[in-house]
Amino acid sequence: MKLPRMKKRRDFLRAAQRGKRAARPGLVIQALPGTGGPMRLGFTVTKKVGNAVVRNRTKRRLREAARLVLGDTPPEGWDVVLIGRDETRTRPFAQLQGDLRGALKQAGLPPLGGT
């Protein structure tokens, strides 16, 4: 199932300013509760990580990890931004999924329905 995406800058800024932040070696998340409606995901990677090819590969890994971790029934009413780090590219995929699960739990999301 494809999850709704955040695409507007103001949504990313709102999550950064008012949301809860959780950092792990493989990624950083910013989670904003109480938005109403379905969970929306945003993905971003800074230019410090690498060129466009590297950043896009990093985002693809984050998208796939989010798809697997959140499953078919993501929690309602959250905006979540996943920020890729330099380590996101090389981290074993199982560990990246573990990082995401731990960060979501730390940010206060309810238990997930994914695998």
Cluster question for you: counting only ILVMFWY and a side-chain heavy-atom cut-off of under 4.5 Å, with indirect links fine, are [X] and [Y] together?
X	Y	result
Leu32	Leu82	no
Ile83	Leu13	no
Phe43	Phe12	no

What's the shortest heavy-atom distance between [X] and [Y], and which atoms?
X	Y	result
Arg61	Thr90	NH1-N, 3.9 Å
Pro33	Ala31	CD-O, 3.6 Å
Leu96	Arg91	N-CG, 4.2 Å
Val81	Met6	CG2-CE, 3.7 Å
Gly26	Asp99	N-OD2, 3.0 Å
Gly84	Val49	O-CG2, 4.0 Å

Discussion item. Taking Gly50's backbone N and O only, do any of them form a donor-acceptor pair with Arg55's side chain (distance below 3.5 Å, no angle check)?
Written reply: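 Judged by distance alone, yes, a pair lies under 3.5 Å.
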Discussion item. Quick check against the 3.5 Å criterion: does Thr58 have a side-chain atom that pairs as donor or acceptor with the backbone of Arg89?
Written reply: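 Looks like no, no N/O pair under 3.5 Å.
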Which atom pairs, donor and acceptor, lie under 3.5 Å between side-chain atoms of residues 16-25 and protein residues at least two apart or in another chain?
unit_1, atom_1, unit_2, atom_2, d
Arg24, NH1, Gln106, OE1, 2.5
Arg24, NH2, Gly102, O, 3.1
Arg24, NH2, Gln106, OE1, 3.4

Fill in: Side-chain ion pair, Glu64 and Arg67, N-O less than 4.0 Å
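Salt bridge flag = yes for Arg67 with Glu64.
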Discussion item. Check Lys8 with Asp11, please: is the shortest side-chain N to carboxylate O separation under 4.0 Å?
Written reply: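 No salt bridge links Asp11 with Lys8.
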Worksheet entry | pair Arg63-Arg5: side-chain heavy atoms closer than 4.5 Å |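 In contact.
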Worksheet entry | Candidates Gln30, Arg40, Met39 - the one meeting side chain to side chain contact (heavy atoms under 4.5 Å, CB included) with Asp79 |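 Testing Asp79 for a side chain to side chain contact (heavy atoms under 4.5 Å, CB included) against Gln30, Arg40, Met39 leaves exactly one candidate, Arg40.
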Practice prompt. Could you check Leu62, Leu70, Ile29 and say which one makes a side chain to side chain contact (heavy atoms under 4.5 Å, CB included) with Leu41?
Written response: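 That would be Leu70.
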Worksheet item: Going from CH2 on Trp78 to CG on Leu109, what distance comes out if it is rounded to the nearest 0.5 angstrom?
Response: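 Reported to 0.5 Å precision, the distance equals 4.5 Å.
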